[in-house]
Amino acid sequence: MKNIRNFCIIAHIDHGKSTLADRLLEFTHTISDRDMQAQVLDDMDLEREKGITIKSHAIQMNYTAKNGEVYVFNLIDTPGHVDFSYEVSRALAACEGALLLVDAAQGIQAQTISNLYLALDNDLEIIPVINKIDMDGAMIEEVKDQIIELIGVKSEEILLASGKTGIGIEDILEAIVTRIPAPKGSPDSPLQALIFDSMFNSFRGIIAYFRVYNGSIKKGDKIKFINTGEEYFADEVGILKLGLQPEKEVKTGDVGYIITGIKNAREVKVGDTITLANNPYKEAIKGFEEVKPMVFAGIFPVVTEDFEELRDCMDKLQLNDASLTYELETSQALGFGFRCGFLGMLHMEIIQERLEREFNQTVITTVPNVGFIAYDTRDEKPIIVNNPAEMPDPTKMSRIEEPFIRAQIISKPEYIGNIMTLCLGKRGILINQSYLTTTRVELIFELPLTEIVFDFYDKLKSQTRGYASFDYTPIGFRDSDIVKMDILLNGEKVDALSALIHRSRANDFGRKLCEKLKELLPRQQFLIAIQAAIGAKIVARENISAMRKDVTAKCYGGDISRKRKLLEKQKEGKKRMRQIGNVEVPQEAFLAVLKLDD
């Protein structure tokens, strides 16, 4: 056990985590030259296309150190984007140390600090590494100063490396051996292992990845999941090489996988503890905290009959992505579907893409919104409002609270004005402004979560030419003037287009939405009125004029009363048609809400 090292790589997005992992795998000969490709651990098509890591990836390497001993390294490569920070927190729970990567050209950014604090909360040993030192714009000394100021390490403890060319890889491997502690735990006590990830395989069922804290697990053991209380046989256990490598036993301190033939996704929970059925460990491992979704949106199948199939796909997807939460929802316009909770807009986009690619599901996503808390006038009872349909009648509601976040933005000083304008325009409150170095400034804002859900991140990037980095933490709920805006088509409410919005924004939002719908809805034989309403008050209106057939074309010459008679008859027909005609809303209309500013 003294020769095992469990560690992960943490950094801001695009600081070279996956490339460094490639070099470590190459140097330890874990992967043959023939199988080598860039970002070898990013095995999802989406990850390769977007160039980002979405899932944490665990892999085992064997390394012969300079002292002649062979060490077993369990590496977890983690995502860098703020929307996937739950993946990072789960990887940290299974490790004793972390490589903190900082880009030599960009320096410390918001997600670097956020991931560092996560690692310190888990009492991990931090090894700071400055990556990309071979680049022309590398500012090695400045970045060293930033790291020393942030963590308080000595200058010689900071390693210099280049994931691309392989400079400094051996120093990193030696530092892992000498600086990261070996796992603690008792091989003789009963089995206690933490599930930190799982995936679904259509042939083998559910494969759970775990880290053994105490005891060991052998093939054929009867095991028990402490939280669910279910018992199974370990059909196969093994370690995680580039694929799955079966072993007879996985011992204390090691990371491995288990296949028990479970087919139902509900039976495996990430954060659960595995123990032996006949000799159980008394207590469960303190797993990671429950995920708190930030953005809610409805996902509905395009064809209502596909609902059951979509439910299975959501179950399997949740196995692979524990930060996705969902519950059943019905909509008058779209039928049966799910109300899903996501960690951010990118997370929502990725889930939608994965449903379409991995499960061939075409889905409609409704307007995303956040969760509010409304209070009853009679007994001040809190009512959680996750979608506009749950909003109580304004007369029965004493007040409503919306979630606020503390946003940390790190950028260059010349963009302070743009960032201020953007954040204050989003109802933000400036809390603090401090210079980390002469060229980096940190701004702390308190912002309503509603305002950053849609396009805040994109706007921040364009206002600062991509130089600002952004990270946020929720800080609770505050009183706010939130109203429900309904969209009416010919007086009928379309519940899938309703939105909860701050009163100061409502008129502007309603007007833009009506204009957008006017462009997208197909014309009918009758006039369509598109209205935005708050309660009984109409705040915006657009008309889509009727397609008109020229009924008087056959009258040439003759008396005017004949033409008038035909026109009156047409008018009656249109009136009747408008009463019984219904307006089909195309899928683009639901997505239009997201792109109102384009």
Side-chain angles (χ1 to χ4, degrees), residues 293-298 329 331-334 339 341 345 365-405 423-429 446-456 474 476-518 529-542 585 589-590 592-597:
M294 291 285 172
V295 178
F296 297 90
E329 184 183 41
S331 153
Q332 294 159 355
L334 302 170
R339 187 87 198 151
M345 289 297 277
T365 312
T366 60
V367 189
N369 64 295
V370 302
F372 299 93
I373 299 178
Y375 289 89
D376 201 308
T377 37
R378 288 168 308 191
D379 49 8
E380 280 291 302
K381 197 174 113 192
I383 305 157
I384 292 171
V385 181
N386 278 342
N387 68 354
E390 294 169 0
M391 179 89 155
D393 189 320
T395 55
K396 295 179 180 159
M397 194 170 69
S398 62
R399 67 183 200 281
I400 188 164
E401 293 182 345
E402 66 174 328
F404 265 69
I405 56 150
C423 293
L424 297 175
K426 297 272 185 192
R427 299 192 283 131
I429 306 157
E446 286 183 359
L447 284 155
L449 185 59
T450 336
E451 299 289 344
I452 67 157
V453 163
F454 285 129
D455 53 1
F456 179 79
F477 286 77
R478 296 181 185 176
D479 280 2
S480 189
D481 191 4
I482 298 292
V483 292
K484 179 184 173 188
M485 172 171 285
D486 292 307
I487 297 294
L488 311 175
L489 296 180
N490 279 347
E492 296 266 326
K493 283 184 187 174
V494 183
D495 61 346
L497 285 173
S498 298
L500 296 170
I501 192 161
H502 194 266
R503 196 181 292 275
S504 63
R505 288 288 160 87
N507 292 17
D508 190 36
F509 181 78
R511 196 177 63 251
K512 279 186 183 167
L513 189 51
C514 289
E515 284 167 9
K516 197 80 173 177
L517 288 172
K518 185 180 179 180
I530 307 167
Q531 294 167 308
I534 298 171
K537 184 185 173 191
I538 305 292
V539 293
R541 173 178 173 136
E542 292 285 339
V585 183
F590 296 109
V593 187
L594 309 183
K595 302 189 174 72
L596 279 184
D597 287 349

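Side chains are part of it too, since the values below use all heavy atoms of this structure and drop only hydrogens, waters and symmetry mates. Since we're looking at a predicted model, the values are computed, not measured.
- Using a cutoff of 4.0 Å between basic side-chain nitrogens and carboxylate oxygens, Glu446 and Arg427 are not scored as salt-bridged.
- With rounding to the nearest 0.5 Å, the separation of NZ in Lys484 from CG in Asp486 is 4.5 Å.
- Remark: Lys537 NZ to Met485 CE distance equals 10.0 Å, nearest 0.5 Å.
- For the pair Pro403 and Phe372, the tightest heavy-atom approach, listed with the atom from each and the gap, is CD-CD2, 4.3 Å.
- A distance of 8.0 Å separates CG of Asp481 from OG of Ser504, quoted to the nearest 0.5 Å.
- Remark: Gln531 engages Leu488, Ile538, Arg541 in a side chain to side chain contact (heavy atoms under 4.5 Å, CB included) (not counting sequence neighbours).
- Taking Arg399 as the reference, Tyr375, Glu380, Glu401, Asp479 meet the side chain to side chain contact (heavy atoms under 4.5 Å, CB included) condition, with sequence neighbours excluded.
- We find that Arg511 and Glu542 are not joined by a salt bridge, their nearest charged nitrogen and carboxylate oxygen being 4.0 Å or further apart.
- To the nearest 0.5 Å, the span separating OG on Ser480 from CD1 on Ile400 amounts to 8.0 Å.
- In this structure, Leu500 CG and Glu402 CD are separated by 10.5 Å, a value rounded to the nearest 0.5 Å.
- The minimum heavy-atom distance linking Pro392 with Val385 is given by the pair CD-CG2, 4.1 Å.
- Taken from CD1 in Ile482 to OG1 in Thr450, the straight-line distance is 5.0 Å, to the nearest 0.5 Å.
- With salt bridges taken as basic N to acidic carboxylate O contacts below 4.0 Å, none links Asp508 and Arg505.
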